[in-house]
Amino acid sequence: MPKRSKKESEEGGECGPVRTSTDQYGPVWTSTGQYGPVRTTQFAGGRGPKQPREAPPPPYEDPPTREVTSQGQRYSLKVTSWNVDGLRAWVRKGGLQWVQEEAPDVLCLQETKCGGGAVPPEVRALPHLPHQFWASAEEKPGYSGVGLLARHEPLSVTYGIGEEEHDREGRVVTAEFPALFVVAAYVPNAGRGLVRLEYRQRWDAAFRRYLSSLDARKPVALCGDLNVAHAEIDLRNPRANRRSAGFTAEEREGFGALLASGFLDSFRHLYPGVPHAYTFWTYLGGARERNVGWRLDYFVLSRRLEGALCDSKIRNRVLGSDHCPITLYLAL
């Protein structure tokens with residue numbers, strides 16, 4: 001049996017019915033997951049001439065790190081974010097070793113699938129990230145969950161966004177530091193069949209209000225799995241996914257409204273036209289090997305941090321999850 005697609009364990013279902021379709025590789029058997037048709041095997045006997053196989057897009061090449069701003073100021077804060085798709089499994093796959101090599105000042109983890117009491121001891125013992133804060137879903141073990149780990153103790157830490165409807169699933173941890181707020185977030189998915197799309201729209205509006213309230217006090221660096229590919233350049237197959245969770249007009253408009261309220265997408269700010277830069281690949285169909293992915297993970301910054309932005313990295317070569325880590329460099 002193929003491995004279940006992205007976050008289906010949250011929504012509680014297997015992929016949809018098997019059917020035939022035609023993609024850029026010609027006629028295929030497909031199954032429908034929450035991210036749209038997933039190619040599995042080629043079949044014979046379709047009508048018409050066989051379609052030529054199109055070469056998959058090249059992998060994104062992470063360029064050398066920019067360690068200074070455009071004005072020559074060297075970075076002073078390094079933040080890494082990673083949807084680990086299960087903290088315990090991620091540890092077994094070697095994720096901790098990479099984190100220690102990357103050596104961020106702040107580490108934000110999403111989809112931990114465990115509460116603070118179940119955090120593996122290897123994570124608790126990270127020597128350079130001793131200040132750790134964990135949020136998990138109420139009465140839903142193994143669902144959602146975020147963590148924020150810091151080299152230096154924050155001034156304050158809060159959980160959730162201050163609205164009961166949205167604070168039951170362990171999706172947000174906010175740490176206040178002298179120069180800014182760091183918000184670790186795992187935005188809810190609209191679900192298979194878009195069953196949670198209306199809820200997602202309410203979440204987007206409430207989360208935007210929350211971030212704007214923080215921004216009124218000091219700059220904000222939001223990071224995490226935001227569960228949206230904002231533009232067509234941010235996923236491999238936009239045409240086939242118009243009504244797939246993560247690429248609906250409603251979700252894209254919600255993200256656009258956030259940017260319009262005084263924030264910027266740090267990666268697209270620095271690399272506006274770079275294609276094939278993805279952070280998530282379904283486990284099915286060899287998607288990662290073929291680089292058929294989505295950019296769902298972001299660093300979103302208050303616009304007044306634009307001058308402090310050195311780089312926004314996608315570490316797409318790093319394994320350990322169906323997402324790859326991303327890293328932000330700021331000069332504060």
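For this chain, numbers begin at 1 and follow the sequence in order. Please read all numbers here as calculations on a predicted model, not as lab measurements.
- Taking both residues in full, the closest heavy atoms of Leu148 and Val182 are given as CD1-O, 3.9 Å, listed atom of the first, atom of the second, then distance.
- Asp105 places no side-chain N or O within 3.5 Å of a backbone atom of Val79 that could act as its donor or acceptor partner.
- The distance from atom CG of Leu107 to atom NE2 of His128, rounded to the nearest 0.5 Å, is 7.5 Å.
- Other residues, nucleotides and ligands place more than 12 heavy atoms under 6.0 Å from the CZ atom of Arg74.
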| message | Set out, in order, the CA-CA distance, both residues' side-chain angles and the distance that settles side-chain contact (heavy atoms from CB on, under 4.5 Å) for His230 and Leu259, then state yes or no. | response | CA-CA 11 Å; His230 184 218; Leu259 299 184; 3.8 Å; yes

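- Annotation: cation-pi geometry satisfied between Arg171 and Tyr186 (NZ/CZ under 6.0 angstrom from ring centroid, within 45° of ring axis).
- In this structure, the side chain of Thr282 engages the main chain of Leu284 through a donor-acceptor pair within 3.5 Å.
- Atom CD of Glu164 is surrounded by 12 or fewer heavy atoms from other residues, nucleotides or ligands within 6.0 Å.
- With 3.5 Å as the limit, one finds a donor-acceptor pair spanning the side chains of Asn83 and Glu111.
- The main-chain N or O of Glu102 is found under 3.5 Å from a side-chain atom of Lys78 such that the two form a donor-acceptor pair.
- Under the 4.5 Å side-chain criterion, counting only non-hydrogen atoms from C-beta, Val300 is not in contact with Ser266.
- If you look at Trp294 and Trp281, their ring centroids are not closer than 6.0 Å.
- Residues Asp234 and Arg268 are paired through a salt bridge, judged by an N-O separation under 4.0 Å between the basic side chain and the carboxylate.
- Between His166 and Tyr199, the ring center distance clears the sub-6.0 Å criterion.
- The main-chain N or O of Tyr210 is found under 3.5 Å from a side-chain atom of Ser213 such that the two form a donor-acceptor pair.
- For Lys113 and Tyr143, the positive end is not near the middle of the six-membered ring at less than 6.0 Å and at most 45° from its axis.
- Contact annotation: the side chain of Phe133 approaches that of Pro154 to within less than 4.5 Å [non-hydrogen atoms, C-beta and beyond].
- Under a cut-off of 6.0 angstrom, the local environment of CD in Glu232 is crowded, with over 12 non-hydrogen atoms contributed by other residues, nucleotides or ligands.
- Panel note: side chain Arg290, backbone Gly285; a donor-acceptor pair is recorded below 3.5 Å.
- Defined by atom type and a distance below 3.5 Å, a donor-acceptor pair is missing between the side-chain atoms of Ser144 and Glu169.
- Annotation for Asn189 and Arg196: closest pair O-CB, 3.7 Å, computed over non-hydrogen atoms.
- Checking Thr279 against Asp297 by side-chain atom types alone, a donor-acceptor pair falls below 3.5 Å.
- Taking the centre and axis of the six-membered ring of Phe247, the NZ or CZ atom of Arg252 falls inside the cone set by 45° and 6.0 Å.
- Lys218 and Glu176 are joined by a salt bridge, as a carboxylate oxygen and a charged side-chain nitrogen come within less than 4.0 angstrom of each other.
- Aromatic rings of Tyr298 and Phe255 (six-membered ring for Trp) have centroids within the 6.0 Å cut-off, being under it.
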Counting only pairs under 3.5 Å, give me each side-chain donor-acceptor contact of residues 269-277, with atom names and distances, residues two or more places apart or in other chains.
{"from": "His269", "atom 1": "NE2", "to": "Glu306", "atom 2": "OE2", "distance (Å)": "3.3"}
{"from": "Tyr271", "atom 1": "OH", "to": "Asp311", "atom 2": "OD1", "distance (Å)": "2.7"}

| message | Quick one, Ser261 with Phe263, criterion side-chain contact (heavy atoms from CB on, under 4.5 Å). Give me CA distance, side-chain angles, the key distance, then yes/no. | response | CA-CA 6 Å; Ser261 65; Phe263 297 89; 3.6 Å; yes

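- The closest side-chain donor-acceptor pair between Thr174 and Tyr159, if any, does not fall under 3.5 angstrom.
- Pairing each heavy atom of Leu309 with each of Leu330, the nearest pair is CA-CD2, 3.8 Å.
- Ionic pairing of Asp62 and Lys313 is present here: one or more N-O contacts between side-chain nitrogen and carboxylate oxygen are shorter than 4.0 angstrom.
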